[in-house]
Amino acid sequence: MKADHFEQQKLLALADEDVALTQLAHRQRTLPEVAAVEAAAEAERTFAEAEVRAETEVRDLDREQKRLEADVDTVRQRATRDQSRIDSGAATPKEITSLQSELQSLARRQSDLEDQVLELMERRETADAALADAQTGKASAVADRERAEQLRDDALADIADSTSRHQAKRDEVAAGLSAPLLALYDRIRTQTGTTGAAVLRARACQGCRIELNGRELAAVRNADPHEVVRCENCGRILVRTAESGL
């Protein structure tokens with residue numbers, strides 16, 4: 001393929017824009033702000049789950065404490081009735097003996113229930129502390145996530161703006177190239193994943209950074225200035241300049 005020597009020079013400007021666009025795409029894929037959002041969101045989920053567990057435990061302990069306190073009231077009421085029966089003087093000696101035995105059992109039962117209530121109250125304090133920690137951690141994680149999202153959005157907006165500017169510049173350069181040359185460049189760019197042309201500087205292709213050997217260098221040196229020559233190592237179009245070392 002032949003293309004005007006000066007038109008081939010424009011490929012370097014096109015390559016510069018493609019390098020910039022490739023770097024921007026890579027930056028978007030590996031944006032640390034995105035990872036920060038994900039980390040903060042994961043922390044938020046972890047604290048939210050801990051909050052739910054703590055709230056559930058607090059509710060369960062409250063129900064259990066109310067049940068035990070109701071049992072204590074029942075025992076107290078029964079003990080009060082028994083003592084009233086004894087104090088009334090209407091009970092027979094046998095009944096009094098039975099009532100006194102029952103009062104002793106009720107006293108033991110009440111003491112056991114009250115111990116269980118105290119234990120539940122201690123567990124409730126621990127559960128309350130766990131709930132407070134989860135709520136504090138969740139609030140902090142939410143704030144971290146919101147800050148991270150703002151930083152991510154700012155970074156993405158900056159990338160989008162830069163991408164738009166470089167794409168516009170690329171389109172402008174591409175519009176000044178002949179269709180066959182541009183098609184060849186784009187085909188090579190797709191193959192390399194970056195650019196379709198590179199400058200030949202000091203006898204080395206700046207695309208793959210490999211120096212041309214004697215035979216390759218002679219072929220490029222003897223080629224017509226308007227001949228489109230390519231690097232035998234990476235396949236890119238070699239753009240010759242005064243720095244090529246020919």
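Heavy-atom basis, side chains included; hydrogens, waters and symmetry copies ignored. For reference, positions follow the sequence shown, starting with 1. Since the model is a prediction, treat every value here as computed from it, not as a measurement.
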Inset, instruction - Can you sort out the partners of R78 under salt bridge (Lys or Arg N to Asp or Glu O under 4.0 Å), two or more places apart, ordered by chain and number? - result: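 D82, E102.
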Legend entry - For E44, salt bridge (Lys or Arg N to Asp or Glu O under 4.0 Å) partners two or more places apart: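 E44 satisfies salt bridge (Lys or Arg N to Asp or Glu O under 4.0 Å) with R145 once adjacent residues are dropped.
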Is the backbone of [Y] close enough, under 3.5 Å, to the side chain of [X] for a donor and an acceptor to pair up by distance?
X	Y	answer
T80	R76	yes
S111	A107	no
Q206	A204	yes
S140	T136	no
E49	T46	no
T22	D18	yes
S88	R85	yes
E119	Q116	no

Would you say [Y] ends up clustered with [X] if hydrophobic residues are merged whenever their side chains have heavy atoms under 4.5 Å apart, either directly or through other cluster members?
X	Y	value
L106	V117	yes
V220	L181	no
V228	L212	no
L182	L12	yes
I159	V34	yes

Looking only at non-hydrogen atoms, find the nearest pair between [X] and [Y] and report the distance.
X	Y	answer
F47	A141	CD1-CB, 4.2 Å
A127	V58	CB-CG2, 3.8 Å
Q167	L21	OE1-CD1, 3.5 Å
A15	A197	CB-O, 3.8 Å
A198	G207	CB-N, 3.4 Å
A223	V229	CB-CG1, 3.7 Å

For the [atom1] atom on [X], are there more than 12 heavy atoms of other groups (residues, nucleotides or ligands in this structure) within a distance under 6.0 Å?
X	atom1	result
M121	CE	no
K66	NZ	no
R203	CZ	no
R123	CZ	no

Just checking, any donor-acceptor pair under 3.5 angstrom between side chains of [X] and [Y]?
X	Y	result
Q65	E69	yes
S162	R165	yes
Q150	D154	yes
E114	Q110	yes
Q8	D4	no

Just verifying a value: how many Å separate [X] [atom1] and [Y] [atom2], rounded to the nearest 0.5 Å?
X	Y	atom1	atom2	value
M1	R230	CE	CZ	9.0 Å
L31	E33	CG	CD	4.0 Å
E149	L156	CD	CG	11.5 Å
L151	R147	CG	CZ	9.0 Å
L103	Q83	CG	CD	5.5 Å
I96	I86	CD1	CD1	6.5 Å

Legend entry - salt bridge (Lys or Arg N to Asp or Glu O under 4.0 Å) between D158 and R152, intermediate numbers included: CA-CA 10 Å; D158 179 64; R152 177 203 60 191; over 6 Å; no
Inset, instruction - Evaluate the criterion salt bridge (Lys or Arg N to Asp or Glu O under 4.0 Å) for residue pair R67 and D62; output intermediate values, then yes/no. - result: CA-CA 9 Å; R67 185 188 67 78; D62 281 346; over 6 Å; no
Legend entry - From CA spacing to verdict: side chain to side chain contact (heavy atoms under 4.5 Å, CB included), L61, E57: CA-CA 6 Å; L61 290 172; E57 184 174 6; 3.9 Å; yes
Any side-chain heavy atom of [X] within less than 4.5 Å of one from [Y]?
X	Y	value
L14	Y185	yes
Q23	H26	no
R81	Q77	yes

Inset, instruction - Indicate yes or no: does R45 engage E42 in a salt bridge with an N to O separation below 4.0 Å. - result: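 The answer is yes: the pair qualifies as a salt bridge.
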Inset, instruction - Please assess S105 against R108 for the test side-chain hydrogen bond (donor to acceptor under 3.5 Å, both in side chains), listing each intermediate value before the final yes or no. - result: CA-CA 5 Å; S105 296; R108 289 193 296 271; 3.3 Å; yes
Side-chain donor-acceptor pairs of residues 232-246 under 3.5 Å, sequence neighbours excluded:
unit_1 : atom_1 : unit_2 : atom_2 : d
E232   : OE1    : R215   : NH2    : 2.9
E232   : OE2    : R215   : NH1    : 3.2
R236   : NE     : T195   : O      : 3.4
R236   : NE     : T195   : OG1    : 3.0
R236   : NH2    : T194   : OG1    : 2.8
R240   : NH1    : D224   : O      : 3.3
R240   : NH2    : D224   : O      : 3.3
R240   : NH2    : P225   : O      : 3.3
R240   : NH2    : E227   : O      : 2.5
T241   : OG1    : E243   : N      : 3.1
E243   : OE1    : R201   : NE     : 3.0
S244   : OG     : L200   : O      : 2.6
S244   : OG     : T241   : N      : 2.8
S244   : OG     : T241   : O      : 3.1

Inset, instruction - Quick one: do Q135 and E55 satisfy side chain to side chain contact (heavy atoms under 4.5 Å, CB included)? Show the steps, please. - result: CA-CA 10 Å; Q135 290 172 334; E55 287 175 339; 4.3 Å; yes
